[in-house]
Amino acid sequence: MINSTSADARLRIFASASSWIEGAAVRQLEQVLGRRGVLAVAGMPDLHPGHKGPVGCAVLTEGIVHPDIVGTDIGCGMTAWLLDGVARRLRVEKAVQALSKLGDAGGLEPEDAVAAGIPADVAAAHAEALGTVGGGNHFVELQAVHAMVDGEACAAAGLEAGRLVLLVHSGSRGLGPEVLARHPFVHGEGLALEGAGRAYLADHDVALGFARLNRAVLAERAADLIGQDGKPWLDVPHNHVTVAGDLVLHRKGAAQADLGLVPVPGSRGAMTYVVAPDPDVPGALRSLAHGAGRKRDRASMHGRRRDAERPNPVGNRVICADRKLAMEEAPGAYKDIAQVVADLDAHGLARVVAILKPIVTFKTGRA
DNA sequence: ATGTCC
């Protein structure tokens with residue numbers, strides 16, 4: 001079932017033959033094996049090549065931190081809020097108009113960021129970024145419960161047919177790149193955990209909390225804009241490091257599998273699958289796919305206006321004033337999320353609990 | 001990914 005082409009037993013790729021995994025991504029994973037301290041590498045079915053390394057993987061090391069595996073967007077992840085409203089009573093056109101204002105949000109005051117647990121120096125420099133979506137694959141999406149696959153788990157989570165959900169994908173904005181730059185290291189060598197690694201991790205943890213707060217502010221503002229009451233449901237990071245004793249677990253585009261339910265979104269023209277992970281699958285490093293994964297890189301989507309203007313396959317309204325971003329993020333740039341989730345199920349990594357259907361997606365209000 | 005190139 002595991003179509004790993006590597007002879008190295010430390011590497012496992014959790015994808016079926018029918019999933020499209022680029023050779024370049026597998027080669028990037030094999031390069032990661034050569035880094036100092038690497039014990040194991042897990043590739044997820046949404047694995048794809050990234051600019052500087054593979055996206056959709058987890059890397060376990062002993063005593064070594066590799067900040068460039070996580071990359072610049074430290075703390076990036078998914079937050080979901082459960083709203084009180086239901087889809088059948090939603091005025092879609094009004095919601096589109098309301099959510100179009102999400103980009104106008106002016107950030108938080110530094111004192112409010114401090115009150116939310118952000119250190120004063122970071123709050124002074126970055127509070128304005130809290131509540132901003134950012135670029136790339138980030139989004140805020142209003143969705144509705146479309147199918148309840150595991151009725152018991154849905155009931156436990158408070159899900160019912162048509163219930164509105166807000167899904168937020170964003171990260172630490174300008175803070176993450178700043179933290180990465182503040183901790184220089186030799187590529188492949190990384191940082192000793194009992195040394196410079198600890199200093200990186202302290203800053204990393206602040207960025208992780210900042211990203212989580214950013215998503216919470218986004219969700220709260222989105223709920224306010226559409227006049228809905230709601231409550232936080234889940235928050236799962238997919239770009240971060242966790243440490244247990246001497247073991248250092250890096251995740252790059254791989255969702256943490258031991259925090260309960262995980263939303264696995266497809267493209268911005270596809271369903272989101274809410275799954276219940278099994279964190280103890282051997283070799284999977286307590287991780288699972290964080291989404292559909294890119295099928296085509298950003299550059300190859302440029303000039304493809306036709307892709308960007310193609311009718312949305314699911315019918316959700318996408319707010320994206322930036323035409324270049326719309327082309328890069330067209331649904332055709334992404335793998336089939338149903339196949340990714342089928343692979344997760346086939347390998348025992350996760351089972352589907354519910355399917356969420358997008359209604360309105362906010363990408364950016366700026367051209 | 002990034003107040004994204006001054």
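Here the P atom of nucleotide B/dT2 and the NZ atom of A/Lys52 are 16 Å apart, to the nearest Å.
In this structure, A/Asp46 does not pair ionically with A/Arg294, as no charged nitrogen and carboxylate oxygen lie closer than 4.0 Å. Under a 4.0 Å N-O distance rule, the pair A/Asp322/A/Arg366 does not qualify as a salt bridge.
Nucleic acid contact for A/Arg366: none, since no nucleic acid atom lies under 4.0 Å from a heavy atom of the residue. Heavy atoms of A/Gly134 sit under 4.0 angstrom from primed sugar atoms or phosphate atoms, though from no base atom. A/His51 comes within 4.0 angstrom of no nucleic acid atom, judged by non-hydrogen atoms across all strands. Within the nucleic acid shown, A/Gly50 has no heavy atom closer than 4.0 Å to any nucleic acid atom. Here A/Gly136 lies in heavy-atom contact (under 4.0 Å) with sugar-phosphate atoms only.
Using cut-offs of 30° and 60° on the angle between ring planes, the pair A/His240 and A/His204 is parallel.
In the model, A/Thr272 has a side-chain atom that pairs as donor or acceptor with a side-chain atom of A/Gln143 under 3.5 Å.
In this structure, A/His169 has its ring center closer than 6.0 angstrom to the ring center of A/His238.
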Shorter than 3.5 Å, N or O on both sides, protein versus nucleotides 3-6 of chain B: list them out with atom names.
unit_1, atom_1, unit_2, atom_2, d
B/dG3, OP1, A/Gly174, N, 3.3
B/dG3, OP2, A/Arg173, NH1, 2.7
B/dG3, OP2, A/Arg173, NH2, 3.4

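For A/His187, the side-chain contact (heavy atoms from CB on, under 4.5 Å) partners are A/Arg35, A/Asp68, not counting sequence neighbours.
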